[in-house]
Every structure is written in C-alpha cells, then in structure tokens.
> 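After the structure tokens below, expect a handful of questions from me.
Everything numeric here is computed off the predicted structure, so don't read it as measured data.
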Amino acid sequence: QVQLVDGGGGSVHTGGSLTLSCVVSGGTFSSLGLGWFRQAPGKERQFVAAVTWYEKATYYSSSVQGRFTISRDDAKNTVYLQMNSLRPEDTAMYYCAAPPTYYRGSYYHPDYYDFWGQGTQVTVSS
C-alpha cells in the first residue's frame, strides 16, 4: 500500500516562499506519477501541479504557473513543491497525491488519484 506523508507548510507574508515535501513509501516510487492539490475552506479540491513517472513531465495550473515548481527525487522517494511569490489566495490545505502505478492518463482531476497525504496547511497573509 502506497503511503504519502506531506509537510513543510507554514505561515508567510505575501511574496514569501515555502517548499512542501512529500515522502512516499510502500510502492515503486520511480513508477509513480505525483501531484499536488489544494483545498481552501468551502471550496473544491484544486489541481496545483503534477510530475509524471515516465518522462518526468510537469504540469501546472494557470494560477501557479511561473511561481511554483514541482520536482521529484527518485533516490529519496520524495516530491517537492517549491512555492515562490506567494499570495493570500494561495492559502489552503495542500495535499500530495499519487495515481495508480504506471499511470498514463490525465493528472488534473483528483478522481484520478488513489493515494493521498494527510495535508499540510499553507497560510499567506497580506
């Protein structure tokens, strides 16, 4: 069973930076695509970024493109989300997630993901 433990959240001011991390265990990390989602109170879970397992291709939502960077370290079974130029609207609970092993479909919808971390809170104040 794949398990994800995410962390690194915190509170920053507008313009600040944070790096989230997600350690994966119980699966073959190199065969797992990985994504980050976020959910603010009263809102649906929203796609943020993803990285595939086969080409290490990356995908971003338009709201974070150019500010956030997703990366993976297969030697450490860890995926990162570097977040720069943070804005108050980035405030949310952030979750890392993994679709099934050897997945080759879309990464944009939470329904495609089987495994989820517990979430880490990011708060950006103005």
> Hey, are Ser17 and Asn84 close enough side-chain-wise for a donor-acceptor pair under 3.5 Å?
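Looking only at side-chain atoms, Ser17 and Asn84 do form a donor-acceptor pair, the distance falling under 3.5 Å.
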> How far does CD of Gln121 sit from OG of Ser11, to the nearest 0.5 angstrom?
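Answer for the CD-OG pair, Gln121 versus Ser11, is 7.5 Å.
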> For Tyr113, does the six-membered ring have the charged nitrogen or CZ of Arg45 within the cation-pi criterion, i.e. under 6.0 angstrom from the centroid and within 45° of the normal?
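Negative - Arg45 is either too far from the ring of Tyr113 or too far off its axis.
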> May I ask you to test the Val24-Thr78 pair for a side-chain heavy-atom distance under 4.5 Å?
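Result no, sub-4.5 Å side-chain heavy-atom pair not found.
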> Are Phe115 and Tyr54 linked, directly or through intermediate hydrophobic residues, by side-chain heavy-atom contacts shorter than 4.5 Å (ILVMFWY only)?
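No: no chain of side-chain contacts under 4.5 Å links Tyr54 to Phe115.
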> How about Trp116 and Phe37: are their ring centres within less than 6.0 Å of each other?
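Yes, they do, as the ring centres are separated by less than 6.0 Å.
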> Is the closest side-chain heavy-atom distance between Tyr80 and Thr69 below 4.5 Å?
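No. Closest side-chain heavy atoms not under 4.5 Å.
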> Are Tyr102 and Val2 connected in a single hydrophobic cluster, I mean Ile/Leu/Val/Met/Phe/Trp/Tyr linked by side-chain heavy atoms less than 4.5 Å apart?
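No, Val2 does not connect to Tyr102 through the hydrophobic network.
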> Return yes if some donor-acceptor pair links the side-chain N/O of Thr14 with the main-chain N/O of Ser125 below 3.5 Å, else return no.
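Answer holds: yes.
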> Mind listing the closest non-hydrogen atom pair of Thr120 and Gly9 along with its distance?
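Scanning both residues, the minimum pair turns out to be OG1-N, 3.0 Å.
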> Does OH in Tyr108 sit with more than 12 non-hydrogen atoms of other residues, nucleotides or ligands closer than 6.0 Å?
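Result for OH/Tyr108: enclosed.
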> Could you tell me if the side chain of Leu34 sits less than 4.5 Å from the side chain of Trp53, heavy atoms only?
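No, too far: nothing below the 4.5 Å cut-off.
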> Would you mind reporting whether Leu86 and Leu18 have side-chain heavy atoms less than 4.5 Å apart?
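Leu18 reaches Leu86 side chain to side chain.
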> Is there a side-chain contact between Lys56 and Arg72 (heavy atoms, below 4.5 Å)?
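A side-chain contact under 4.5 Å exists here.
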> Can you tell me if Lys76 has over 12 outside heavy atoms packed within less than 6.0 Å of its NZ?
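Not buried by this count: 12 neighbours or fewer within 6.0 Å.
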> Can you establish whether the number of heavy atoms outside Glu44 located under 6.0 Å from its atom CD is more than 12?
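Open.
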> Nearest 0.5 Å, please: how far is CD in Gln118 from CE in Met93?
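The CD atom of Gln118 is 9.0 Å from CE of Met93, to the nearest 0.5 Å.
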> Would you say Phe47 and Arg38 make side-chain contact, with heavy atoms under 4.5 Å?
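No - every pair of side-chain heavy atoms lies 4.5 Å or more apart.
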> Flag the pair Asp6 / Leu4 as yes when at least one side-chain heavy-atom distance between them is below 4.5 Å, and no otherwise.
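Of all side-chain heavy-atom pairs linking Leu4 with Asp6, none is under 4.5 Å.
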> Measuring from atom CG of Leu32 to atom OH of Tyr103, what distance do you get when rounded to the nearest 0.5 angstrom?
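Interatomic distance, Leu32 CG to Tyr103 OH, rounded to 0.5 Å: 13.0 Å.
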> Minimum heavy-atom separation for Ala49 to Leu81, with atom names?
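So the minimum-distance heavy-atom pair works out to CB-CD1, 4.1 Å.
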> Can you check whether Met83 reaches Asp90 side chain to side chain, under 4.5 Å on heavy atoms?
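Result no, sub-4.5 Å side-chain heavy-atom pair not found.
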> Looking only at heavy atoms, what is the nearest atom pair of His13 and Ser126, with distance?
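The pair with the smallest heavy-atom distance is ND1-O, 4.2 Å.
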> Identify the two heavy atoms, one from Ala40 and one from Ala92, that lie closest to each other, and give their separation to 0.1 Å.
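Closest approach of Ala40 to Ala92, heavy atoms only: N-CB, 3.9 Å.
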> Indicate whether the side chain of Ser30 and that of Thr28 have a donor and an acceptor atom separated by less than 3.5 Å.
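Short answer, no.
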> Please confirm whether Trp36 and Tyr95 have ring centers closer than 6.0 angstrom.
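No; Tyr95 has its ring centre 6.0 Å or more from that of Trp36.
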> Find out if a path of hydrophobic residues (ILVMFWY) with successive side-chain heavy-atom gaps under 4.5 Å connects Val51 to Tyr60.
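Yes.
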> Would you say the side-chain atoms of Tyr107 pair up with the backbone N or O of Pro110, donor to acceptor, closer than 3.5 Å?
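Not confirmed, Tyr107 side chain does not pair with Pro110 backbone.
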> Parallel, tilted or perpendicular: which describes the rings of Phe68 and Tyr94, with under 30° parallel and over 60° perpendicular?
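Rings of Phe68 and Tyr94: tilted, 30 to 60°.
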> Please walk me through it: do Thr91 and Val122 pass side chain to side chain contact (heavy atoms under 4.5 Å, CB included)?
CA-CA 5 Å; Thr91 296; Val122 172; 5.9 Å; no
> I need the Arg67 CZ to Ser85 OG distance, nearest 0.5 Å.
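The CZ atom of Arg67 sits 7.0 Å away from the OG atom of Ser85.
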> So does Ala57 get a backbone contact from the side chain of Thr52, meaning a donor-acceptor N/O pair under 3.5 Å?
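Checked: pair present.
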